[in-house]
**Student:** 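Here's a structure for you.
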Amino acid sequence: MTKTISIFILLFFGTINCFSQDDTEPKLEKPIEVSLENLIQHSKRFEKKNVLVQGYAKFEKGKICRVFISKEDLEKNNLENSVCFMFLMEGSTYGTIQKCNGEYIILSGVYLPGKALESVELKNGILTSVSIKSCDDSK
């Protein structure tokens with residue numbers, strides 16, 4: 001009898017736990033607007049922060065996406081003046097990629113400094129959980 005009651009109690013609390021609303025997804029804070037220059041120079045200050053940056057985008061399927069400080073940096077592929085970003089390229093984003101590649105964009109994401117990643121290619125860090133806020137293809 002004691003075993004049966006114990007089992008019912010465990011089932012009851014297990015059921016309550018399964019149906020309770022537990023918000024386990026992290027909520028991003030409002031992004032901190034920062035220039036790419038400042039982000040690169042003071043990367044430790046922005047580590048794991050949600051940031052909003054502006055620059056010229058370079059999307060390459062199968063390669064690392066980058067945002068550059070200037071159009072000239074983009075054209076010369078000056079990696080010193082760029083920050084990588086992770087962007088999922090799938091069919092639904094193809095239009096965005098075509099429209100924004102090589103253009104001035106505003107994007108936000110969580111910043112991880114390059115020193116934390118120990119990669120020469122990602123030396124200026126990387127933005128994860130990226131959201132493209134604006135793409136100006138008229139410039």
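The residues of the chain are indexed from 1 along the displayed sequence. Hydrogens, waters and symmetry mates play no part in the numbers below; they use all other heavy atoms, side chains included.
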**Student:** In chain order, what residues pass the side-chain hydrogen bond (donor to acceptor under 3.5 Å, both in side chains) check against Lys44, with sequence neighbours excluded?
**Tutor:**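 Here the qualifying residues are Glu47.
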
**Student:** I'd like to check the ring-ring contact (aromatic ring centres under 6.0 Å, His included) partners of Tyr111; sequence neighbours left out, ordered by chain and number.
**Tutor:**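 Residues passing ring-ring contact (aromatic ring centres under 6.0 Å, His included) with Tyr111: none at all.
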
**Student:** Which pair of non-hydrogen atoms, one from Asn38 and one from Arg45, has the smallest distance, and what is that distance?
**Tutor:**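 Asn38 and Arg45 have their closest heavy atoms at OD1-NH1, 4.1 Å.
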
**Student:** Could you tell me whether a side-chain N or O of Asn124 sits under 3.5 Å from a main-chain N or O of Gly114, the two making a donor and an acceptor?
**Tutor:**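 Not a single qualifying donor-acceptor pair exists.
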
**Student:** Can you sort out the partners of Glu72 under side-chain hydrogen bond (donor to acceptor under 3.5 Å, both in side chains), two or more places apart, ordered by chain and number?
**Tutor:**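 With sequence neighbours excluded, Glu72 shows a side-chain hydrogen bond (donor to acceptor under 3.5 Å, both in side chains) to Lys76, given in chain and number order.
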
**Student:** Within a strict 4.5 Å, meaning less than it, do heavy atoms of the Lys48 and Leu112 side chains meet?
**Tutor:**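 They are in contact (side-chain heavy atoms under 4.5 Å apart), so the answer is yes.
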
**Student:** For the atom pair SG (Cys65) and CG (Leu127), what is the distance rounded to the nearest 0.5 Å?
**Tutor:**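 The distance works out to 11.0 Å.
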
**Student:** Heavy-atom distance under 4.5 Å between the side chains of Val83 and Val53, does that happen here?
**Tutor:**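 A side-chain contact under 4.5 Å is absent here.
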
**Student:** Quick test of your reading of the model: are Lys123 and Glu80 salt-bridged, counting only N-O distances below 4.0 Å?
**Tutor:**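 Salt bridge flag = yes for Glu80 with Lys123.
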
**Student:** Taking only residues two or more places apart in sequence or in another chain, which ones pass side-chain hydrogen bond (donor to acceptor under 3.5 Å, both in side chains) with Gln41?
**Tutor:**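 For Gln41 there are no side-chain hydrogen bond (donor to acceptor under 3.5 Å, both in side chains) partners, ignoring immediate neighbours.
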
**Student:** Measure the shortest side-chain to side-chain distance between Phe68 and Asn77 over non-hydrogen atoms and say whether it is less than 4.5 angstrom.
**Tutor:**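 Touching, per the 4.5 Å side-chain cut-off.
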
**Student:** Would you please name every residue forming a side-chain contact (heavy atoms from CB on, under 4.5 Å) with Leu52, sequence neighbours left out?
**Tutor:**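 Scan of Leu52 (side-chain contact (heavy atoms from CB on, under 4.5 Å), adjacent residues dropped) gives Pro31, Glu33, Ile106, Ser108, Lys133.
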
**Student:** For Cys135 versus Lys99, what's the shortest heavy-atom pair and its separation?
**Tutor:**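 Closest heavy-atom pair between Cys135 and Lys99: SG-O, 3.7 Å.
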
**Student:** Which heavy atom of Ala57 sits nearest to which heavy atom of Ile105, and what is that distance?
**Tutor:**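 That would be CB-CD1, 3.5 Å.
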
**Student:** Who pairs with Asp73 by side-chain hydrogen bond (donor to acceptor under 3.5 Å, both in side chains), at least two apart in sequence or on another chain?
**Tutor:**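 For Asp73 the side-chain hydrogen bond (donor to acceptor under 3.5 Å, both in side chains) partners, ignoring immediate neighbours, are Ser70, Asn78, Asn81.
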
**Student:** Determine the minimum heavy-atom distance between Leu36 and Gln54, stating which atoms define it.
**Tutor:**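 For Leu36 versus Gln54, the nearest heavy atoms are CD1-O, 3.3 Å.
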
**Student:** Working to the nearest 0.5 Å, report the span between OH of Tyr56 and OG of Ser82.
**Tutor:**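 Output value for this atom pair is 15.0 Å.
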
**Student:** Looking only at heavy atoms, what is the nearest atom pair of Val34 and Phe46, with distance?
**Tutor:**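 Of all heavy-atom pairs spanning Val34 and Phe46, the closest is CG2-CZ, 3.5 Å.
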
**Student:** Report the distance from atom CD of Glu37 to atom CD1 of Ile69, rounding to the nearest 0.5 Å.
**Tutor:**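 Glu37 CD to Ile69 CD1: 4.0 Å, rounded to 0.5 Å.
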
**Student:** State, to 0.1 Å, how close Glu29 and Asn50 come at their nearest heavy-atom pair, and which atoms those are.
**Tutor:**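 Of all heavy-atom pairs spanning Glu29 and Asn50, the closest is O-ND2, 2.7 Å.
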
